[in-house]
Amino acid sequence: MSKRLIIEQIARTKVDGTIEKLEFTDGVNAIVGPQNTGKSTWLRMFDFLMADDGTPMGTFDEGLVEKYNAISSLLRFGSSVVELERRWNGQGTRSQIFLNGDHIRTEDAQTLLLEALDIPVLRYPQGNIYASDRTWPTLGWRSLFRHIYRRQDFWSDLVPRQPESEQHACLLQFLGLAQHLFSPDLSLLTDKKKKLTQLEVRREQFKELLRKLMPEVMDQADADLARDVTPGSIAEASARIGVEIDGLISERAALVKLVREQSQPQASRLDTILVERVAAQDKRDTLRRDLNAVQMRIAELDRYRNGLDREVVRLDRADAAARILENLRVTHCPACDQSVEGRDHHSHSCFLCGQPKERTEANAEAAVRRLKFERDQIAAERTEAGELLIVAEQELRQKCLAINDLEARLNELEQTLRPFQASASAVVPEELALIDQRIGELNARRQTIEAFHSPLEMSERLTDEIAQLQSEIRGLELRVTKNENKIDFDEAGDRLSRGFNTYLDAIRGRDPNTWTATGEVSALISDRRTQLNIGSRPARSKLGGTLTIYFLFAYHYALLTLSRFANCHYPGLTILDFIPDIAEEAALGSRLHLVLSPFVELSHDKEVAPIQVIATSRALPKTPDINYIELTEVWR
Amino acid sequence: MKTLRNLAGRPAAAPLAADDVLEFHAGRMLLLLGVCGGTAGAISGLTKMAKLDFFVRYPEFFSAVASRGKSPRQEEAVEAAMVRHHYGPWDKRYYHLLAYLEARQLITVSLTGGAYRIALTAAGKMAAKQLAGSDAFADLLKHMRQVNDRFGRSTGNQLKTLIYETFGEEVAEQALGTVISGGQR
């Protein structure tokens, strides 16, 4: 039997640290207060605490996020009480969950709640379990909690906006069937069957492709092998091609020998021409290298001569500058900027720094003579460079002429060789070309055929893998069948039906105008779906308006009755945020008592207790069996 | 580097290159101040002076920068080589050269706001004017005016960055003290 979940307290913390609390008891609790006293808000905040994966800002309005920064609850699982708290930042964009003060991840909170209630964590299929490629999703706490907590605006359907497959999985979980039906073995079996189908299809496609391709690459002699493509048949075809190639190579060698014998008489003259051609080519290459070296020398000489010209220009500048600057006297010390006008200029030492002067002639005429000497030197060098350039250019012309002569001779030799080339091609029979062509074709075909080895090995591996999978599937099927034998869908359906009918009979007994639909409610449960009927027709088609609301109360009652069965997994909690128009304002209180009274009675049933029902209402006269929590402060 | 007069006694076996003649550089520097120094004939900062001188001395590099993406680089002669120093191209002979010019009252060198200001004196302007009229300096003067048009308003730091960015292999990636090559003698 799964443990019960009893909410002992819900508390929320204001940003200034003030804490607001609601205390609950076992049995039926009613949060009562006029409109806008925050009844539904308390429940919405508790819903958020129950591992909702949203953010406070996305779940609540801005005012609430700004006013509070945490919601917490004391929860009793069996005999142990834990504190679950969720805090958020000022913007409400992030929140954290704490279990007894320790931080836990939101996704882990769902698993922790399931484990605390002894509800098995399992995955469930969506759609056809063998045809669908979708991974089985986990049946989490949030999915189940939607059957426990009915929001104020969710009184139109069993569980609005929950997909049918998920709804069905939740019911099977509550009824204690899911762990047998959606066992890990079934999940594994499904996966393996899907994989088996894929592998079989892949192997078939592979074989089909090989069957189509092989005849195209094999010629007539191998056609029989193409019908049965195996590593052996490929090796045999390859060997046969090899033998044919060997035969053709022998045939070709004999033909080449014959051609050589026929061209023998002209061989000596041909050799002479070829030798001369090789010698001429060698000489031409040498000359080209020499020519290149001469061209480089000419370029270098040219640069040298230009450099000399530029140096002459620079010397002219030095000369021109010296003529202008030479007579300027040093008037000030560049170090201290003081005048040095009065100093003696005629000693053997520098009048400024005092160091001995060099004993050389230092006057304008000597400078002019030195410059003239340098210019003459450069002029001589320039003449010499010019002469060297003339010699180099002559050498260049000679090399060019020699290369031209050699090119002409090589042309003549090529012309002489043409008749030999023509006669040689004449003696090469057409048969030789055909043999070469055939050898080429056979080699290509052999390579193509041998390339099939690798895909064939892959096909063999697929076969082994398929055999292995089939063996595993047989074992799994046995285990799954054994598991499924434990499932009694009829009994489960009866349990749920009894719950519905007990509730509806109870309220009709109190007021015949409440449940006016004819026929018993029956729950037909199979491995694929749950069908709720009234009489012989689907409940949905017979319900409308207030009947739907009574039916949904009955649904929650039926779920609570499952708590009496040891193999069911319903946690014994129902939270109902009432819609306001269940009755006229004046009659609302008594009508709510009417719909809640079966819950009160159920909570006194020792086989079922402890259970907890939390409901909200604008008005509900006090009775001793209900724990009243009154809210008086109107929200904002 | 010496004045031509002091080089007159150099042995005949030792060639006399224009690059060794102090007046060769002094003349160029006076012209540089005259052309690139505006009406005051002054350049602020040794860095700016050296970078402008670099583009004058290496016409090939100047062409590469001035005609970036417009025309191919032309091979032109180096006026006088410089070396790679901490802030790009430099010539350690600048100190000798500036002292030479300052001692003859052709320039003044003053420290203004952390930077040296090199300015032509009246005598310096006169000398620069005479040099500008000399045929020997005609080509150099023309090139110097192009350098001034392109970089006269740039700061020394901008010119340094430009040289590093444009001539990575030729300047920035060279070891300190390496002579910056750019053409033949």
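Chain A is the first sequence line, chain B the second, and so forth, proteins listed ahead of strands; every chain is numbered from 1.
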Segment of [X] engaging chain A (4.5 angstrom heavy-atom cut-off):
| X | result |
| --- | --- |
| B:T3 | neither |
| B:L131 | both |
| B:L140 | both |
| B:A128 | neither |
| B:L30 | side chain |

Test side-chain contact (heavy atoms from CB on, under 4.5 Å) on B:L32 and B:M29 and set out the steps. CA-CA 5 Å; B:L32 184 75; B:M29 195 53 62; 3.9 Å; yes
Check against ring pair (Phe, Tyr, Trp, His ring centres under 6.0 Å), B:F55 and B:F151: CA-CA 9 Å; B:F55 283 119; B:F151 299 124; 4.6 Å; yes
Atom of A:E326, atom of A:R323 and distance for their closest heavy-atom approach: CG-O, 4.0 Å
Just say parallel, tilted or perpendicular for the rings of B:F61 and B:Y58, cut-offs at 30° and 60°. parallel
Which residue out of B:E102, B:M126, B:R104 racks up the most heavy-atom pairs below 4.5 Å with chain A? B:R104
Closest-packed option against chain B by number of heavy-atom pairs under 4.5 Å, given A:V313, A:D316, A:I324: A:I324
Under a 3.5 Å threshold, yes or no: a donor from one side chain and an acceptor from the other, between B:H96 and B:R93? no
Side-chain ion pair, B:D19 and A:R314, N-O less than 4.0 Å: no
